Every structure is written in structure tokens, then in C-alpha cells.
Amino acid sequence: MRYDLILFDNDGVLVDSEPISNRLLAGYLTELGHPTTYEDSIRDYMGAAMHRVHDLVLERTGQRLPDDFDDVFHARVFAAFERELKPVAGVGDVLEKLTAEGVPYCVASSGSHQRIRVGHRATGLDRWFTEDRIFSSQDVGRGKPAPDLFLYAAERMGVAPERCAVVEDSPLGVRAAVAAGMDVYGFTAMTPAERLAGAGQLFSSMGELADLLV
């Protein structure tokens with residue numbers, strides 16, 4: 001086998017959540033007096049943990065977001081997930097092939113444990129991810145682009161970083177995986193290829209991925 005572990009980002013890689021969450025994030029920030037377009041949100045926050053939203057708004061405006069910002073935002077996102085969320089096209093086939101080939105995999109996401117689970121239940125992907133295969137930035141002190149989450153997930157799964165491959169669709173996630181010393185496969189469905197330049201391999205369709213990994 002080429003790898004002993006495949007680590008999947010969640011949003012935009014397993015579940016097609018980035019259009020939903022960035023639309024809602026841009027709208028909520030604008031509502032609070034911080035004008036933000038959908039494109040701004042994709043550029044600044046895609047792939048990041050929530051603390052990055054707070055940090056950037058404070059840095060740019062000198063104002064703190066409301067104490068209940070995360071709770072209100074997540075309530076809106078989870079409601080939209082129940083109505084709209086779909087798995088990324090073809091990802092079920094990838095997971096089925098990895099399982100058939102005996103290649104271990106897990107999810108390592110900037111999103112909260114609750115966000116991961118809500119999305120997986122809404123899309124049926126929960127059948128592929130048992131509790132011991134789910135890792136969140138909540139589990140570590142620093143989210144992406146720090147390598148902490150990927151290193152933590154690999155350690156918990158009992159695999160050395162150099163034997164891991166990461167599937168990512170955000171520049172922050174690619175930077176984190178490179179810093180962790182892992183091979184990176186950059187998914188360009190929503191992100192221009194040049195923004196994922198740090199990835200060793202780029203692909204635009206999940207139909208390509210399984211053959212690249214095994």
C-alpha cells in the first residue's frame with residue numbers, strides 16, 4: 001500500500017457544505033455590521049476553525065463579535081444542513097474502495113465535533129465514520145494551518161506522519177498537512193489550483209481520487 005492512513009478534511013471534501021456555510025457566514029457578518037461577500041468568506045475563512053473568524057474581525061475592525069456568535073451561526077448552519085446538505089459527489093465510492101482495499105481512513109476537520117456529526121447524519125456518511133475515526137480542531141490547541149490536528153489524528157490512529165496522505169480543499173488545510181510532513185492531495189472543485197499549490201497532487205473530481213491513493 002502507498003499509505004497506512006488517509007486523512008480527509010470534512011467540509012468541501014466529504015460533505016458539500018462550503019457553499020452553504022460561507023453563504024450564511026457572509027450574511028451573518030454583514031448583518032452584524034461587518035460587510036462580507038460570499039467570495040470574501042471563501043477567501044478568508046474556508047477551511048478555518050471558528051476562532052479565525054473572531055481573530056480577523058477583531059484585527060480588522062477592533063470590534064469583538066457577540067458572545068453568542070458561534071451558537072447563532074451554528075444553529076443556522078445546522079438547520080440549513082438538514083434542508084440542503086449533500087455528500088460530495090463520488091466520495092462514497094472512494095470510501096468504499098478504501099474499505100475494500102483495507103486502507104485505514106479518518107476525518108480531521110476544522111469544524112466542531114457536532115458540525116461533523118450533523119453533516120454526516122444528514123448525508124448518510126455516518127455509516128463510514130465511527131467515533132474513533134472522527135477528529136476535530138476542538139481536540140487540539142491550534143487549528144489549521146498549524147499541523148497539530150493532523151499530527152494528533154495520525155498519532156491516535158497509530159500511524160507515522162510520513163505514511164499518511166491528506167485530502168484537502170483549502171489553502172489553510174494544505175499548509176497544515178505540509179507542515180505535518182504528510183503527502184497532500186488538493187481537491188480543486190471549489191478552490192483554484194494555484195491556491196493549493198503546496199499539494200503534491202491536484203485533482204478536480206472524486207472519481208480520480210481512489211486511483212491516486214491506492
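Here the structure is a predicted model, which means the values were calculated and not measured.
For the pair Val118/Glu82, a side-chain contact is recorded, criterion being any heavy-atom separation below 4.5 Å from C-beta on.
Residue Leu24 is grouped with residue Val15 when hydrophobic side chains (ILVMFWY) are merged at heavy-atom distances under 4.5 angstrom, including chains of intermediate members. Following chains of ILVMFWY side-chain contacts shorter than 4.5 Å, one can reach Leu95 starting from Leu213, so the two form part of one hydrophobic cluster. Val103 and Val166 sit in two unconnected hydrophobic clusters of ILVMFWY residues. Membership requires side-chain heavy atoms under 4.5 Å apart, directly or through other members. Met157 and Tyr105 are members of different hydrophobic clusters when ILVMFWY side chains are connected at heavy-atom separations under 4.5 Å.
Not one N or O on the side chain of Thr123 forms a donor-acceptor pair closer than 3.5 Å with the backbone of Pro87.
Between atom OH of residue Tyr185 and atom CZ of residue Phe8 there is a gap of 11.0 Å, rounded to the nearest 0.5 Å. Taking CD of Glu168 as the reference point, atom CE of Met182 lies at 11.5 Å (rounded to 0.5 Å).
A cation-pi arrangement is not found for Arg156 relative to Phe135, the charged atom failing to lie both closer than 6.0 Å to the ring centre and inside a 45° cone about the ring normal. A cation-pi arrangement is absent between Arg115 and Phe78 under the rule of less than 6.0 angstrom and at most 45 degrees off the ring axis.
For the 3.5 Å distance criterion, the side chains of Arg117 and Ser112 fail to qualify, holding no donor opposite an acceptor. No hydrogens or angles considered: nothing links the side chains of Thr191 and Asp169 as a donor-acceptor pair under 3.5 Å. Under the 3.5 Å distance criterion, with hydrogens and angles disregarded, no donor-acceptor pair is assigned to the side chains of Tyr45 and Asn22.
For the pair Asp9 and Lys144, the salt-bridge criterion is met [side-chain N within less than 4.0 Å of a carboxylate O].
Atom CD of Glu155 has 12 or fewer neighbouring heavy atoms from other residues, nucleotides or ligands inside a 6.0 Å radius. Within a 6.0 Å radius of CG in Asp67, other residues, nucleotides and ligands contribute 12 heavy atoms or fewer.
In this pair, Phe73 and Tyr28 present their aromatic rings parallel. The plane angle is below 30°, not in the 30 to 60° band.
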